[in-house]
S.K.: 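Got a structure here, written out as C-alpha cells. Questions coming.
Within every chain, numbering begins at 1; the chains are lettered A, B, ... in the order of the sequence lines, protein sequences first and strands thereafter.
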There are 2 protein chains.
Amino acid sequence: MSATNTAVSPPVATPIPEGPCGDDDCGIRDVLDRIGDKWTVLVVVELAKGVRRFRELERAIPGISQRMLTVTTKRLWRDGLVERTVHPTIPPQVEYRLTATGRSLAGVVEGLADWSREHKDAIATARAHWDAEQESASPTGT
Amino acid sequence: MSATNTAVSPPVATPIPEGPCGDDDCGIRDVLDRIGDKWTVLVVVELAKGVRRFRELERAIPGISQRMLTVTTKRLWRDGLVERTVHPTIPPQVEYRLTATGRSLAGVVEGLADWSREHKDAIATARAHWDAEQESASPTGT
DNA sequence: CGGGATCCCAAAGGATACTG
DNA sequence: CAGTATCCTTTGGGATCCCG
C-alpha cells in the first residue's frame, strides 16, 4: 500500500536523536519532539487525574479530533508513557492510564503550567507594549 | 537529580491558585504555543549562558537558519523574554540577553531537559518493544 | 553584521467516511 | 465505542535574495 500521506498507522519512523549536553542541546529537543505537539500534554494531564476511556478523553479535551486522540494516545502508548487496556466487550472498551514514566512527565508538565500562570500576564503586557511600539514605528498607511 | 515539579522558585508563594487545573487545560497550551516550536528553547538555553550577539547565537545553535533565528529572537523579544540592545556601529552589533522572565523560563526548561535525560532510555526501550510487537502482529509481506 | 521580504515545500493537524 | 484510512487545509520552517 502506498501511503501518500501521514496517516494514523505509521508512527514507526521517529528517530530519537542524541542529545549532547553541557554545550548546547541538552536533550531538550528530544522532549519537545515528544511533548511539543498540540495534544500530548493535554492528554497526559487528563490522564494524570485517573484512568480514562477513549470517549472520556475526547470529551475532556475540547477541540481534539478523534484522529488526533488516536494518534496521540498511540504515540504515548508506544513510548511507554501510558498503558492501554482493552476489554473485548460489545461495545468495546479501552482504558488508558499513565505509567510511572508518564506520571513523572505529568509532574514536569506541572512546572510548565505553573510558569505559564505566573508569567502569562507579564507576557501579554510586554506583547501589547511591543505591538504598540511597532505600530507607531511603522504606520501601515491609512 | 530530578526536578519533579515547580522548578522555578517563585518570589511569592504560588500554591496553585484557583482550580482551572482540575478540569482541563491549565494554561499549558499557552506555554506550548510559546516554547513548543523548533528553536525557542534552544535560544533560551543558549542565552541562559550569557549575552549573545546574533551571529554567536547562529553559530551556537547548529542547524538554525538565520531567518528562524530572527523570527525566534523577535518573538522572544516581543514577549519580554529577551532584551535586545542595538549598537549602531558599522557593522551593526545587536546583543541579546534574557530578562528575568526569560531566565525563569530557562529554569523550567531545565526541568524538561532533566526529565528527558532520566527517561529517554526507558522510552527508547519501550518504543523498540512496541515496534517489535506491532511488526509481529502485522507482518508486511513475507 | 543583522536583519526583512519572498518563495516554496514538508509536516501537522482537522473533517469526514467506513469498520469491527 | 474505538478505532482506521483518506483527503485537504494550514502552518512551520528552510533557501534565497536584498538592503541599511
S.K.: Whole angstroms only, please: what is the CZ-C1' distance between A:R78 and D:dG3?
M.R.: 18 Å

S.K.: Can we say B:R53 and B:E56 salt-bridge, meaning some charged N sits less than 4.0 Å from an Asp/Glu carboxylate O?
M.R.: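 The answer is no: the pair does not qualify as a salt bridge.
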
S.K.: Using a strict cut-off of less than 4.0 Å between a Lys/Arg side-chain nitrogen and an Asp/Glu carboxylate oxygen, indicate whether B:E110 and B:R117 qualify as a salt bridge.
M.R.: yes

S.K.: Quickly work out the A:E58 CD to C:dA15 P distance and round it to whole Å.
M.R.: 12 Å

S.K.: Counting only non-hydrogen atoms, which of residues 83-92 of chain B are less than 4.0 Å from DNA chain C?
M.R.: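 B:R84, B:P91, B:P92 - these, ordered by number, are the residues of the stretch whose heavy atoms sit under 4.0 Å from the strand.
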
S.K.: Between B:D33 (CG) and D:dG12 (C1'), how many Å, whole number?
M.R.: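 Spelled out: CG on B:D33 to C1' on D:dG12 is 13 Å.
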
S.K.: Within the structure, does a side-chain N or O atom of B:T70 lie under 4.0 Å from either OP1 or OP2 of C:dG3?
M.R.: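 Indeed not, no polar side-chain atom of B:T70 lies that close.
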
S.K.: Any side-chain N or O of A:R53 under 4.0 Å from OP1/OP2 of D:dC1?
M.R.: no

S.K.: Starting from C1' on D:dG13, measure out to CD1 on B:I64 and report it in whole angstrom.
M.R.: 10 Å

S.K.: Are any of B:Y96's side-chain N or O atoms less than 4.0 Å away from OP1 or OP2 of C:dC1?
M.R.: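 False: B:Y96 side-chain N/O out of range (4.0 Å or more) of C:dC1 OP1/OP2.
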
S.K.: Check this for me, if you would: do B:R75 and B:D79 make a salt bridge, where the nitrogen-to-carboxylate-oxygen distance has to be below 4.0 angstrom?
M.R.: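 Salt bridge: no.
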
S.K.: Would you mind reading off the distance between B:R52 atom CZ and C:dG3 atom C1', rounded to a whole angstrom?
M.R.: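 One finds 20 Å between C1' of C:dG3 and CZ of B:R52, rounded.
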
S.K.: Can you find a donor-acceptor N/O pair under 3.5 angstrom joining the side chain of A:R67 to the base of C:dG13?
M.R.: yes

S.K.: Taking A:E46 first and then A:R52, would you say they form a salt bridge - that is, a charged N and a carboxylate O separated by under 4.0 Å?
M.R.: yes

S.K.: Counting side-chain heavy atoms from CB outward, which of D:dT6, D:dC1, D:dA2 is closest to A:R59?
M.R.: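 So the side chain of A:R59 is nearest to D:dC1.
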
S.K.: Could you tell me which residues satisfy side-chain contact (heavy atoms from CB on, under 4.5 Å) with B:R78, sequence neighbours excluded, listed by chain and number?
M.R.: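 Residues passing side-chain contact (heavy atoms from CB on, under 4.5 Å) with B:R78: A:R127, A:W130, A:D131.
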
S.K.: Classify the side chain of B:Q66 versus the base of C:dG4 as yes if they form a donor-acceptor pair under 3.5 Å and no if they do not.
M.R.: yes

S.K.: What's the CG-C1' distance between B:L32 and D:dG12, to the nearest Å?
M.R.: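 Interatomic distance, CG of B:L32 to C1' of D:dG12: 16 Å.
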
S.K.: Does the side chain of B:K38 get closer than 4.0 angstrom to OP1 or OP2 of C:dA11 through an N or O atom?
M.R.: no

S.K.: Once you round it to whole Å, what is the distance between C1' of D:dG12 and CZ of A:R29?
M.R.: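 The distance from CZ of A:R29 to C1' of D:dG12 comes to 13 Å, rounded to the nearest Å.
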
S.K.: When the distance from CG of B:D37 to P of D:dG14 is rounded to whole Å, what number comes out?
M.R.: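 Computing the B:D37:CG to D:dG14:P distance gives 10 Å.
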
S.K.: Can you tell me if NE2 on B:H87 sees more than 12 non-hydrogen neighbours from other groups inside 6.0 Å?
M.R.: yes

S.K.: Report yes if a side-chain nitrogen or oxygen of A:W77 is closer than 4.0 Å to either non-bridging phosphate oxygen (OP1 or OP2) of D:dA2; otherwise report no.
M.R.: no

S.K.: Can you find a side chain N or O atom of A:K74 that sits less than 4.0 Å from OP1 or OP2 on D:dT4?
M.R.: yes

S.K.: Got A:V44 and A:L76 here, is their nearest side-chain heavy-atom distance under 4.5 Å?
M.R.: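 A side-chain contact exists here, since the closest heavy-atom pair is under 4.5 Å.
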
